[in-house]
Amino acid sequence: MANYFGSARSNYFRVKSETAFLAAMNEVPDIEVHTGKDGTVCVLVSGGDYGGWPTSTWNEDTDDIIEIDVPTIVSEHLADDEVAIFMEAGAEKLRYIVGYAVAINSKGEREEVSLYDIYELAAGLTDKPENIIPAEY
């Protein structure tokens, strides 16, 4: 069985308080924050098991799993009129290839797109959408 390996990062965006933002990101495992020359920041996945956005962490004090949604955490720190975009792409050898992106603003409004959306779009190109075979094995 092959392992999934991914890469993930955000765009650069402005936050209300870099100190508060860095404190919040410090609580998220496998995240690295970079600061741009113009006072913007971006978030990179710096490690972890597979290189994708972390979705949970372990609370050693309570012995519980804590769910994590990085875009939501970032949204709480975004400056007004800023939009953070999070991208991830990866593969399990050539068994399947995935990719998705999330855009979120300071109000928590979000838009998402996935590579798998192509199947719905492709269905409009044929009278026999059942003949579209997924790009995986």
Side-chain angles (χ1 to χ4, degrees):
M1 177 175 244
N3 291 330
Y4 172 84
F5 292 100
S7 296
R9 66 158 297 149
S10 75
N11 64 328
Y12 281 86
F13 50 84
R14 286 175 180 70
V15 293
K16 293 180 265 193
S17 164
E18 189 172 335
T19 303
F21 177 72
L22 292 173
M25 289 293 99
N26 193 45
E27 298 297 316
V28 180
D30 306 316
I31 290 292
E32 203 174 290
V33 176
H34 285 244
T35 303
K37 295 177 184 175
D38 58 355
T40 57
V41 294
C42 78
V43 183
L44 309 173
V45 174
S46 61
D49 292 336
Y50 306 110
W53 292 108
T55 58
S56 63
T57 189
W58 188 258
N59 184 326
E60 294 178 13
D61 296 333
T62 62
D63 213 26
D64 291 327
I65 294 175
I66 301 169
E67 299 296 318
I68 297 172
D69 182 44
V70 175
T72 298
I73 295 168
V74 169
S75 172
E76 296 167 359
H77 296 274
L78 282 174
D80 291 341
D81 296 322
E82 289 291 306
V83 174
I85 297 175
F86 300 85
M87 293 186 174
E88 179 177 337
E92 182 180 307
K93 290 206 171 192
L94 290 178
R95 182 174 182 188
Y96 62 86
I97 299 171
V98 299
Y100 72 93
V102 175
I104 195 163
N105 65 16
S106 61
K107 299 174 190 172
E109 300 166 329
R110 68 167 67 197
E111 295 289 342
E112 299 183 27
V113 63
S114 165
L115 285 179
Y116 287 100
D117 294 342
I118 193 63
Y119 295 110
E120 185 177 328
L121 296 170
L125 299 175
T126 179
D127 292 331
K128 295 186 177 185
E130 66 273 8
N131 289 349
I132 299 171
I133 300 168
E136 58 190 33
Y137 68 89

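Not measured: the values here are computed from a predicted model. What's counted below: heavy atoms across the whole structure, side chains too, no hydrogens, waters or symmetry copies.
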List in chain and number order the residues that pass side chain to side chain donor-acceptor pair (under 3.5 Å) with [X], two or more places apart in sequence or in another chain; answer none if no residue qualifies.
X	result
Ser114	none
Asn131	none
Thr35	Glu18
Tyr96	Glu92

TODO: Please identify each residue that fulfils salt bridge (Lys or Arg N to Asp or Glu O under 4.0 Å) with Asp117, with sequence neighbours left out.
DONE: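 Listed in chain order: nothing, the list is empty.
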Task: Cluster companions of Ile65 among Ile, Leu, Val, Met, Phe, Trp, Tyr (side-chain spacing under 4.5 Å) - done: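 Members alongside Ile65: Trp58.
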Open item on the list: Connecting only ILVMFWY residues whose side-chain heavy atoms lie within less than 4.5 Å of each other, what is the rest of Val83's hydrophobic cluster?
Closed with: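 Members alongside Val83: Ile85, Met87.
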Open item on the list: Just to verify, what does Phe86 make a ring pair (Phe, Tyr, Trp, His ring centres under 6.0 Å) with, not counting sequence neighbours?
Closed with: Trp53
Open item on the list: Can you list everything that forms a side chain to side chain contact (heavy atoms under 4.5 Å, CB included) with Thr19? Sequence neighbours excluded, please.
Closed with: Ser17
TODO: With sequence neighbours excluded, tell me which residues meet side chain to side chain contact (heavy atoms under 4.5 Å, CB included) with Asp81.
DONE: none
With a cut-off of 3.5 Å and sequence neighbours excluded, list every side-chain donor-acceptor pair involving residues 121-130.
{"residue": "Thr126", "atom": "OG1", "partner": "Lys128", "partner atom": "N", "Å": "3.0"}

Could you pull out all donor-acceptor pairs under 3.5 Å where a side-chain atom in residues 102-111 meets a protein atom, sequence neighbours excluded?
{"residue": "Asn105", "atom": "OD1", "partner": "Lys107", "partner atom": "N", "Å": "2.9"}
{"residue": "Asn105", "atom": "OD1", "partner": "Gly108", "partner atom": "N", "Å": "3.1"}
{"residue": "Asn105", "atom": "OD1", "partner": "Glu109", "partner atom": "N", "Å": "2.9"}
{"residue": "Asn105", "atom": "ND2", "partner": "Glu109", "partner atom": "OE1", "Å": "2.6"}
{"residue": "Arg110", "atom": "NH1", "partner": "Glu112", "partner atom": "OE2", "Å": "3.3"}
{"residue": "Arg110", "atom": "NH2", "partner": "Asp69", "partner atom": "OD2", "Å": "2.5"}
{"residue": "Arg110", "atom": "NH2", "partner": "Thr72", "partner atom": "OG1", "Å": "3.0"}

